[in-house]
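Every chain is numbered from 1, with letters handed out A, B, ... down the list of sequences. The figures here come from the full heavy-atom set of this structure, side chains too, leaving out hydrogens, waters and symmetry mates.
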Amino acid sequence: MNVSNAQVARLLRDYSAMLVVSGADRFKAKAYRVAAETIESMQTDLATFISSGHDLQELPGVGKAISSVIREILQTGQMPQLENLSSHLDPVLVELASRPGLDSKRVATVYKKLQIGSLAELQERSESGVILEKFGSRMDFHIRQGLANRPRMLIKRADQTAAPIEDFIRSIVGLTRVELTGSLRRRQETIGDLNFLVTGDSARNTFKHFQSYAGVESSEQQGPGRIVCRLTSGTNVTLNWTRPEAWGLNWILTTGSEGHLGDLKRAGDEMEIELTERGLSRRHVKIADERSVYVALKMTFIEPELREGRGEVQAALESRLPDLVRLADIKGDLHMHTTASDGVNTLAEMAASAQEKGYKYVAITDHSRSLKIANGLSEDRLREHILAIDALNSQLKGFTVLKSAEVDILEHGNLDYSDELLQELDLTVCSVHSHFTLSKEQNTERILRAMDNPYFNILGHPTGRLLLKRPGYEIDIDRILTHAKQNGCFLEINSNPNRLDLSGEHAKLAKDLGLKIAINTDAHSIRELDFMPFGINQARRAWLARDDVLNALPVARLKRALRRS
DNA sequence: GCCGTTTTCGGCCCGACTGTTTTCAGTCG
């Protein structure tokens, strides 16, 4: 029996969900979920894995019990435990809980309290505001996400999902070029579908090979040059095929966005150039590379991150697109934690790792005293930390560790340390970590008031959102940006892929006001210093050039920029 | 159910704070 990894993973995942809603041991449920994740991320299919002499128990999260379950699934395609458990549950609950993207525990809570009778009814309750009213914004946000047609994923996860698929496509004999396209190429904050563009061997052969990819559950060919494959994870992967001569045009068309393509087509119309293979070829426009297509439309090349239909086409026509910031422009990272609060690496390790990255400085921003859960530093501990940083600096050459803290903005806008102590720091990153439920007005006032403190420098993760998990607290971004500008304060793009906060739209508003942005990682370990590229993507989506970025400044100029008079 | 182990059972991150469903579940980094 030919059972794919994806099918096995799906059964294990569903079983985990059923365990949760039936109130079974949550650690048992977790064990099945972890096993499903392991199998989803495997490079080889399970049958091959076993036939080449491996034991399933070598896989992390797979022990004696789950390995025998997997073997049975591989032989029969069935999982009796799942069928048995599901048959004892209300079919509606089974349907809701096995929907990818909906958390089974939350679903069970809603189901129980509202006596939901169908998926459609849940949808209706969500749309009519009942979920919001009865459970609050958190639950409402989650249910809406889960009910959306296809689950979205964080960009980091999308990168991880796309990489093995791209490797697989590259291994297809006869293809001469394979590139990522679509929203992931535009580096959007969250990703729905994955898209690739290929050329070389015939579309037919290519598609046939791709369908044998282990994660593919079903597929549908849409016209001669496109196939959409659904993975068991619920993600759709679209493979587009083009002739090499038309590569550039098709890379633009598959990259999108719709808004961008609409603007491009309108620009073409003005010149009586039809933005199709035939239309362009008739005008003898070379369409083998992207740049030629933009040139033919009498505009400068538009980077993928800008292709959102937010005026980039007009700007390209007028040659006034910014030269977007690059990772290499970044001179330092101004937000990170150490073992002093809730980080996993020491001060010295963080500094050494940042130096290896080629940075010239970092700011050490451990949590302030109120954030007890994160082991926030008391005033005395911060004073000791400052001495430790001084000592470290005396040993370093060509690299500066800036004394800083991630200072909580308290409920009424006070900062979490005394001014006497704040004065000892080179800069502050000030963030909201509590009282998320204040009104928009209250939250805005609280932040404005905090900015009136002369030691306030950078507003950390300005909306507190967690992508796909939690909406941010509400703020009046225009008032905050204006106040920051007046007071000489800055805002952060937090590069953590769960946050990416500021959003691209808000960061562009900041740029338009002439306000510099700090692109920081908020790293809690050496490894998380690698989040910087996600922040750079976000900054590029906000049209930021090097001059718009605070931490692209050399250390002396940075210190001047931080000085508030 | 898995893992690690002081090898056979306890832990699976944590612990103070919040805010009402006023007595504990949900939440923050």
(message) What is the separation between atom CZ on A/R499 and atom P on B/dG29, rounded to the nearest whole Å?
(response) 5 Å

(message) Could you tell me how far apart A/R138 (CZ) and B/dA25 (P) are, to the nearest whole angstrom?
(response) 18 Å

(request) Provide, to the nearest angstrom, the distance between the CG atom belonging to A/N375 and the P atom belonging to B/dC17. (result) 14 Å

(request) Could you tell me whether A/K113 sits above the aromatic face of A/F135, with NZ or CZ closer than 6.0 angstrom to the six-membered ring centre and within 45 degrees of the axis? (result) yes

(message) At less than 4.0 Å, is any side-chain N or O atom of A/K372 found next to OP1 or OP2 of B/dA16? Yes or no.
(response) no

(message) So if I apply the side chain to side chain donor-acceptor pair (under 3.5 Å) rule between A/D548 and each of A/K508, A/K516, A/K511, which one comes out positive?
(response) A/K511

(message) The side chain of A/H435 is closest to which nucleotide in this list: B/dT18, B/dG15, B/dC2?
(response) B/dT18

(request) Could you check how far CE of A/M139 sits from P of B/dA25, rounded to whole Å? (result) 15 Å

(request) Could you pull out all residues at least two apart from A/Q123 that satisfy side chain to side chain contact (heavy atoms under 4.5 Å, CB included)? (result) A/E127, A/L147

(message) Taking B/dC24 as the reference, what is the distance to B/dT20 when you measure between their C1' atoms (whole Å, please)?
(response) 10 Å

(request) Answer yes or no: does a side-chain N or O of A/R470 lie under 4.0 Å from OP1 or OP2 of B/dG29? (result) yes

(request) If B/dC12 has a Watson-Crick or G-U wobble mate with both distances under 3.5 Å, name it; if not, just say none. (result) B/dG1

